[in-house]
Amino acid sequence: MIDISSTDIAPKPLRVREFYLGRQPILDRNQALFGYELLFRNAPVGPANISSDLSATASVIAHASQLGMEKVIGDALGFVNVDADVIMSDIFVFLPREKVVLEIVESMQVTPQIHKRITELVGHGFTFALENVVADSSQVQQLIPLVEYVKMDMSTVDLAVLSTLAPRFKREHKKLVAEKVETREEFKTGLDLGFDYFQGYYFAKPAIMTGKKLSPSQLAVMELMTLVTSDADNMEIERAIKRDVSLALNLLRLVNTPAVGARQRIDSLSQAVSVLGRRQLQRWLQIMLYAEPSKRGHSMTPLLMLATTRGRLLELLATKLRPSQAHAADVAFTVGIMSLMDTLFGVSMDEILKQIHVIDEVGEALLHRTGFYGDLLKLAECIERIEDMEDQIVPTLRELAMSTDDLVELEMAAFEWSDNVVRYAL
């Protein structure tokens, strides 16, 4: 391995600290998954006062790399914030340069030493992005030749400024990333301005539309779920699956993913039903609701990824926190999956719960984020919303009597499981 840490300036050692992860999807113009922005923070569970120390990023990347970066980002790219301390550190020997984009924070002052170091890293194959560009400043002009991506905040930068800057950076052959995209209108504006990638939870916010109907395959899944929960016999369930070819094919794909852990390949529907059992079949049907629409241009792939990750993380949290209550994990998985059904169907959660019978604890979690499962759901949502993490995660972890180490371990497992499901489901 090339020693890229050598520089005229002695690299600063960075000690390993407690940390937790957050990741926010970055989508391409077709709303297919392109990458994730990864957030790493030191978060001691003691005092509520949390410092945002970006220099901790470096030590955490080393830790995450040892655990396996592929568990965190799968086949996507990982965008990671870096400041001056990180850039001048020796962390880069740990990083898979083909998998990460180093995102230069807006507050960093570009000194001659920093400029030289970034130039050196680019020469060794590292890719950089410039974060939160709001003007064509002298600092931006210094860095533009060295970066591949330029990120601009759709919620704070004036449209006239965006309309001026976007074409200017496109002429420089830079890839544009729109940040904080929260509405379909902002997404369309970004498309019109020529942005290449989009970051934000606009796709995970429900667009409430009156009279929206489920697709035929979604209806088939819902009917099948009713059969499973009403204890219909296996032959009846198998006949229902066979009535929808795409449902049958997708189910066979799903049950043969590494996430299921079947010891031998499952080639028939009767095998799938008997090997899985009712509990697992219901689980895979819940996932199928998200997998089916993704065939239309893969536009729902990020929602499928988000739902499966959330469901699995809640399941693992419940298993960890209530090990003696076997049903708690199943309930938690259902809460995680169902928490995005308002987005999937375009109707309010209240309306969904009028049609799908759930126990009171699930309803309270989905509607009000209350109770044990509501706390787990709030924790998952805080992790997903990168900007809100620091003032909410630690108090929630304290309430659940969990450490940050526990959380990171479970997140890694949930990311890997979800990546396996989505990779084989589509």
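Residue numbers run from 1 in the order of the sequence given. Just so it is clear, the values below take in all heavy atoms, side chains as well, and ignore hydrogens, waters and symmetry mates.
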J.: OG1/Thr127 to CD/Glu148 distance, rounded to the nearest 0.5 angstrom?
T.: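 Separation between the atoms: 5.0 Å.
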
J.: Tell me, with the steps shown, if Thr396 and Met402 meet side-chain contact (heavy atoms from CB on, under 4.5 Å).
T.: CA-CA 9 Å; Thr396 306; Met402 277 193 67; over 6 Å; no

J.: Give me the atom names and distance for the closest heavy-atom approach of Gly194 to Leu176.
T.: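 Smallest interatomic distance, heavy atoms only, reads O-CD1, 4.4 Å.
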
J.: Please name all residues satisfying side chain to side chain donor-acceptor pair (under 3.5 Å) with Asp192, sequence neighbours left out, ordered by chain then number.
T.: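 Residues passing side chain to side chain donor-acceptor pair (under 3.5 Å) with Asp192: Lys188.
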
J.: Output all residues satisfying ring pair (Phe, Tyr, Trp, His ring centres under 6.0 Å) with Tyr373, sequence neighbours left out; order by chain, then residue number.
T.: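 With neighbours one apart ignored, the set is empty.
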
J.: Are side-chain heavy atoms of Leu379 and Leu407 found at a separation under 4.5 Å?
T.: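 With C-beta onward as the side chain, the pair touches.
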
J.: Do the non-hydrogen side-chain atoms of Leu340 and Leu303 ever get within less than 4.5 Å of each other?
T.: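 When only atoms from C-beta onward are counted, Leu303 and Leu340 do touch, with a gap below 4.5 Å.
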
J.: Can you list the residues that meet the side-chain contact (heavy atoms from CB on, under 4.5 Å) rule with Glu399, with sequence neighbours excluded?
T.: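 If we apply the side-chain contact (heavy atoms from CB on, under 4.5 Å) test to Glu399, skipping adjacent residues, the hits are Asp375.
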
J.: Write out all pairs satisfying salt bridge (Lys or Arg N to Asp or Glu O under 4.0 Å) with one or both partners inside residues 358-369, taking only residues at least two apart or from two chains.
T.: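 For residues 358-369, and leaving out neighbouring residues, the salt bridge (Lys or Arg N to Asp or Glu O under 4.0 Å) pairs sorted by first residue read Arg369-Glu381.
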
J.: Mind checking the OG1-CE spacing from Thr111 to Met88? Nearest 0.5 Å is all I need.
T.: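 Answer rounded to 0.5 Å: 7.0 Å.
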
J.: Can you tell me how far CG of Leu227 sits from CD1 of Ile237, rounded to the nearest 0.5 angstrom?
T.: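 The distance works out to 6.0 Å.
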
J.: Decide side-chain contact (heavy atoms from CB on, under 4.5 Å) for Leu321 and Leu376; before the verdict, give the C-alpha distance in whole Å, the side-chain angles of both, and the deciding distance to 0.1 Å.
T.: CA-CA 10 Å; Leu321 295 168; Leu376 300 187; 3.8 Å; yes

J.: Quick one: ring pair (Phe, Tyr, Trp, His ring centres under 6.0 Å) partners of Tyr36, sequence neighbours excluded?
T.: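 Partners of Tyr36 by the ring pair (Phe, Tyr, Trp, His ring centres under 6.0 Å) criterion come out as none, since no residue qualifies.
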
J.: Please report the C-alpha distance between Ile241 and Val273 in whole Å, then the side-chain angles of each, then the deciding distance to 0.1 Å, and finally whether the side-chain contact (heavy atoms from CB on, under 4.5 Å) criterion is met.
T.: CA-CA 10 Å; Ile241 296 171; Val273 173; 4.0 Å; yes

J.: Strictly distance-based, threshold 3.5 Å: is any side-chain N or O of Ser418 a donor or acceptor partner for the main-chain N or O of Thr308?
T.: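 No, the answer is negative, given that no donor and acceptor are paired below the 3.5 Å cut-off.
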
J.: Nearest heavy-atom pair of Ile337 and Ala307: which atoms, and what distance?
T.: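 It is CD1-O, 3.5 Å.
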
J.: Could you check whether any side-chain N or O of Arg29 sits under 3.5 Å from a backbone N or O of Leu191, counting only pairs where one atom can act as donor and the other as acceptor?
T.: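 At least one qualifying donor-acceptor pair exists.
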
J.: Taking the side chain as everything from C-beta on, heavy atoms only, tell me whether Phe187 gets closer than 4.5 Å to Gln31.
T.: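 Answer yes - side chains close enough.
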
J.: Check whether any side-chain heavy atom of Met154 sits under 4.5 Å from a side-chain heavy atom of Leu162, and report yes or no.
T.: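 Yes; the side chains approach each other to less than 4.5 Å.
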
J.: Just wondering, do Gln199 and Phe79 contact through their side chains at under 4.5 Å, heavy atoms?
T.: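 In short, these two side chains do not touch, never coming nearer than 4.5 Å.
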
J.: If the threshold is 4.0 Å, N to carboxylate O, is there a salt bridge linking Glu37 and Lys151?
T.: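 Counted as a salt bridge, because a side-chain N and a carboxylate O are separated by less than 4.0 Å.
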
J.: Does atom NZ (Lys320) have a neighbourhood of more than 12 heavy atoms from anything else shown, all under 6.0 Å?
T.: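 Open.
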
J.: If you take all heavy atoms of Val161 and Val134, which pair is closest and at what distance?
T.: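 Scanning both residues, the minimum pair turns out to be CG1-O, 3.5 Å.
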
J.: Out of curiosity, Leu366 CG to Met341 CE, how far, rounded to the nearest 0.5 Å?
T.: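 Rounded to the nearest 0.5 Å, the CG-CE separation comes to 9.0 Å.
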
J.: Does anything in residues 194-203 form a salt bridge (Lys or Arg N to Asp or Glu O under 4.0 Å)? List the pairs, not counting sequence neighbours.
T.: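 Counting only pairs at least two positions apart or across chains, the salt bridge (Lys or Arg N to Asp or Glu O under 4.0 Å) contacts touching residues 194-203 are Lys170-Asp196.
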
J.: So, using side-chain contact (heavy atoms from CB on, under 4.5 Å) as the criterion, who are the partners of Val358 when residues are at least two apart?
T.: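 So Val358 forms a side-chain contact (heavy atoms from CB on, under 4.5 Å) with Met338, Leu353, Ile356, Val362.
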
J.: Using side-chain contact (heavy atoms from CB on, under 4.5 Å) as the criterion, list what pairs up with Glu238, not counting sequence neighbours.
T.: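 For Glu238, the residues satisfying side-chain contact (heavy atoms from CB on, under 4.5 Å) (neighbours in sequence not counted) are Met235, Lys242, Leu269, Ser270.
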
J.: Do any N or O atoms from the side chain of Asn30 and from the backbone of Ala32 form a donor-acceptor pair under 3.5 angstrom?
T.: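 Not confirmed, Asn30 side chain does not pair with Ala32 backbone.
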
J.: Could I get the full list of ring pair (Phe, Tyr, Trp, His ring centres under 6.0 Å) partners for Phe34, not counting sequence neighbours?
T.: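 Result, ring pair (Phe, Tyr, Trp, His ring centres under 6.0 Å) vs Phe34: Tyr197.
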
J.: Has Arg97 got a side-chain atom pairing as donor or acceptor with Gly125's backbone, closer than 3.5 angstrom?
T.: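 Pair absent, no side-chain N/O of Arg97 close to backbone of Gly125.
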
J.: Apply side-chain contact (heavy atoms from CB on, under 4.5 Å) to the pair Phe169 and Val140, showing each step before the final yes or no.
T.: CA-CA 11 Å; Phe169 294 133; Val140 168; 4.1 Å; yes

J.: Name all residues meeting the side chain to side chain donor-acceptor pair (under 3.5 Å) criterion together with Asp153; count only those two or more places apart in sequence or in a different chain, and write none if there are none.
T.: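 Asp153 satisfies side chain to side chain donor-acceptor pair (under 3.5 Å) with Ser155, Thr156, Lys180 only.
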
J.: Got Leu316 and Trp417 here, is their nearest side-chain heavy-atom distance under 4.5 Å?
T.: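 No, every pair of side-chain atoms sits at 4.5 Å or beyond.
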
J.: What is the minimum heavy-atom distance between Glu411 and Ile383, and which atoms define it?
T.: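 Taking every non-hydrogen atom into account, OE2-CG2, 3.1 Å.
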
J.: Look only at the side chain of Asn256 and the backbone of Ile266, and say whether a donor-acceptor pair between them is shorter than 3.5 Å.
T.: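 Pair found, side chain donor or acceptor close to backbone of Ile266.
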
J.: Please round to the nearest 0.5 Å and tell me the distance separating atom OH of Tyr149 and atom CD1 of Ile104.
T.: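 These two atoms lie 14.0 Å from each other.
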
J.: Are Val150 and Leu165 side-chain neighbours, meaning at least one heavy-atom pair lies under 4.5 Å?
T.: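 SC-SC contact between Val150 and Leu165 ruled out.
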
J.: Glu131 side chain to Val82 main-chain N or O, any donor-acceptor pair under 3.5 Å?
T.: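 Side chain of Glu131 to backbone of Val82, a donor-acceptor pair under 3.5 Å: no, none is there.
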
J.: Looking at OH of Tyr290 and CG of Leu344, how far apart are the two atoms once the value is rounded to the nearest 0.5 Å?
T.: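 One gets 5.5 Å once the value is rounded to the nearest 0.5 Å.
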
J.: For Glu315, what residues pass the salt bridge (charged side-chain N to carboxylate O under 4.0 Å, His left out) criterion, not counting sequence neighbours?
T.: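 Partners of Glu315 under the salt bridge (charged side-chain N to carboxylate O under 4.0 Å, His left out) test: Arg283, Arg312.
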
J.: Taking all non-hydrogen atoms of both residues into account, name the closest pair between Asp342 and Ser348 and its distance.
T.: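 Scanning both residues completely, I find the closest heavy atoms to be CB-C, 4.2 Å.
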
J.: Closest approach of Leu146 and Phe128, non-hydrogen atoms and distance?
T.: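 Minimum heavy-atom contact is O-CB, 4.1 Å.
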
J.: Taking the side chain as every heavy atom from C-beta outward, state whether Arg117 and Glu120 have any atom pair closer than 4.5 Å.
T.: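 SC-SC contact between Arg117 and Glu120 confirmed.
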
J.: Run the ring pair (Phe, Tyr, Trp, His ring centres under 6.0 Å) test against Phe195 and tell me which residues pass, sequence neighbours left out.
T.: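 With neighbours one apart ignored, the set is empty.
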
